[in-house]
Amino acid sequence: MIAVVLAGGEGTRLRPLTHTTPKPMLPIANRPFLEHQIAHLRAHGIDRVVLACGYRPDAIRAHFGAELEYVVEPQPLGTGGAIAHAARALSETFVVANGDVITDLDLSALVRFHRDREARMTLALHPVDDPSRYGVVVTAADGAVTAFVEKPAPGTAPAVTINAGTYVVEPDVLDLIPEGRAVSVEYEVFPLLVGAGLYAHSSNGYWRDIGTPESYLAANLEWMPAGGLVDPSAHVDPGADVTGSVVGPRCRVEAGARVSRSVLLEGAVVTAGRTVENRVMGSDGEPVW
Ligand code: GTP
């Protein structure tokens, strides 16, 4: 099966890191985010990964080479335009995944759910406590989507499941996406499919959108081994106190420094006596956030 991964956004919320590194290549537990995502897709039988690229595709291509296929947009086409541009030639059911979500979603079960209902498009849903930051998806008992409620006021939403950024799509859906301009799949395509073959399936597993500074730090701490992760090329002085953190390649932590629940990006130095807590530290030795 083929997956189209949306990997072309500028990642403005993760600036300044995304000024130089596209979001899919930012390290999560010392490996590019996309490596984690591709491992998950492959585990569910995805044998072709087509990356819908736009912003800074070269860094992605240089790392993955011929393992992936790349379609680069001439200008940003938005989530819907990117799907259409990357998948226009496909004639079989395919998966779409946002290139900033890390999850253990049972993708095989989502595809089965889609096929059982003869759906045209099926969204994975994820339950949240406070849906007011998100678009809420309302479904009937059989999973048919009946409404979208954008960023509802707390306590007013009729359901608390949000779009989890993974879809199963029939190729005829692409006919609904106009060519040559930016199109949002969420705002312009989903509404056309309500009552016309759009389904959604909720699951409770692990789900993390890495797109904000807080969630980027959280994803790193969730993906490191228990106790922490130190790259073999890093030097942590025996007199330093490093707990529950990710220490990247060529970092240096000096004697007397304390690092906890933090990420030290490649080359970061924490000098003697300094305390770093709940931070992402850049290679210049200063907190990024
Ligand atoms: P922010 O600027 O911080 O909102 O991040 P973003 O640019 O990644 O936007 P957002 O988080 O809304 O995007 C969700 C997913 O769609 C991400 O995986 C993006 O890479 C991807 N995406 C967003 N816009 C485009 C686009 O125009 N083209 C492509 N190919 N992908 C896109």
Side-chain angles (χ1 to χ4, degrees), residues 2-28 32-38 40-41 46 49-61 63-64 68-90 94-103 105 107 121 123-126 128 133-137 148 150-151 162-167 169 173-174 177-190 207-219 280 288-289:
I2 299 173
V4 172
V5 175
L6 300 178
E10 280 191 47
T12 54
R13 289 166 298 164
L14 290 180
R15 285 178 184 164
L17 291 186
T18 46
H19 280 314
T20 46
T21 306
K23 189 160 55 171
M25 292 304 294
L26 289 178
I28 302 292
F33 161 81
L34 205 49
E35 281 192 13
H36 297 281
Q37 186 173 36
I38 287 167
H40 172 250
L41 293 172
I46 299 293
V49 177
V50 179
L51 275 197
C53 299
Y55 180 69
R56 292 191 168 270
D58 294 349
I60 307 176
R61 208 194 297 256
H63 184 82
F64 289 96
L68 309 177
E69 297 168 46
Y70 308 87
V71 180
V72 182
E73 287 150 37
Q75 81 261 10
L77 291 176
T79 46
I83 296 169
H85 186 252
R88 197 69 81 182
L90 301 184
F94 59 96
V95 167
V96 173
N98 277 2
D100 56 3
V101 167
I102 196 162
T103 176
L105 167 76
L107 188 57
M121 185 160 181
L123 322 180
L125 300 181
H126 179 74
V128 291
R133 276 177 51 210
Y134 304 95
V136 169
V137 183
F148 291 94
E150 260 320 300
K151 301 189 173 58
I162 62 162
N163 170 7
T166 305
Y167 320 123
V169 187
V173 167
L174 303 182
I177 302 177
E179 283 185 61
R181 67 168 175 89
V183 178
S184 157
V185 72
E186 297 88 344
Y187 294 112
E188 296 184 65
V189 182
F190 293 169
W207 184 86
R208 173 68 69 189
D209 169 344
I210 66 153
T212 66
E214 298 74 30
S215 63
Y216 175 71
L217 173 59
V280 176
V288 181
W289 304 298

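In listed order, ligands and their atoms are each counted from 1. Basis for what follows: all heavy atoms, side chains included, without hydrogens, waters or symmetry-related copies. Note that the numbering runs from 1 along the sequence shown for the chain.
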What do you reckon, does [X] have a nitrogen or oxygen under 3.5 Å from a nitrogen or oxygen of ligand 1?
X      : answer
Leu6   : yes
Ala82  : no
Gly211 : no
Gly99  : yes
Asn98  : no

Sub-4.5 Å side-chain heavy-atom contact between [X] and [Y]:
X      : Y      : result
Asn163 : Phe148 : no
Glu179 : Arg88  : yes
Leu14  : Pro213 : yes
Thr18  : Glu10  : no
Leu51  : Leu34  : yes
Val173 : Phe94  : no
Val101 : Trp207 : yes

Quick test: of every protein heavy atom, which one is nearest to [atom], and how far off is it to 0.1 Å?
atom                    : answer
atom 31 (N) of ligand 1 : Gly8 N, 3.1 Å
atom 10 (P) of ligand 1 : Arg13 NH2, 4.1 Å
atom 32 (C) of ligand 1 : Gly9 N, 3.5 Å
atom 26 (C) of ligand 1 : Gly78 N, 3.6 Å
atom 28 (N) of ligand 1 : Glu73 OE1, 2.9 Å
atom 2 (O) of ligand 1  : Thr12 OG1, 2.6 Å
atom 17 (C) of ligand 1 : Asp100 OD2, 3.6 Å

Response to the item:
Contact region, Glu10 to ligand 1, non-hydrogen atoms below 4.0 Å, reads backbone
Only heavy atoms of [X], strictly under 4.0 Å: list the atoms of ligand 1 that pass.
X     : value
Pro76 : 27 (O)
Thr79 : 16 (O)
Leu77 : 27 (O)
Lys23 : 5 (O), 6 (P), 8 (O), 11 (O)

Provide the closest heavy-atom pair for [X] versus [Y] in the form atom of the first, atom of the second, distance.
X      : Y      : answer
Ala164 : Leu125 : CB-C, 4.0 Å
Val5   : Gly99  : CG1-CA, 3.8 Å
His85  : Val72  : CE1-O, 3.5 Å

Worksheet entry | With Ile2, the side-chain contact (heavy atoms from CB on, under 4.5 Å) member among Ile46, Leu90, Leu41 | Leu90
Worksheet entry | Heavy atom of protein closer than 4.0 angstrom to atom 12 (O) of ligand 1 | no
Discussion item. With a 6.0 Å cut-off on the ring centroids, do Phe190 and Tyr167 count as close?
Written reply: yes
Worksheet entry | Nearest option to atom 6 (P) of ligand 1, as decided by whichever heavy atom of Pro57, Gly11, Ser184, Ala7 sits closest | Gly11
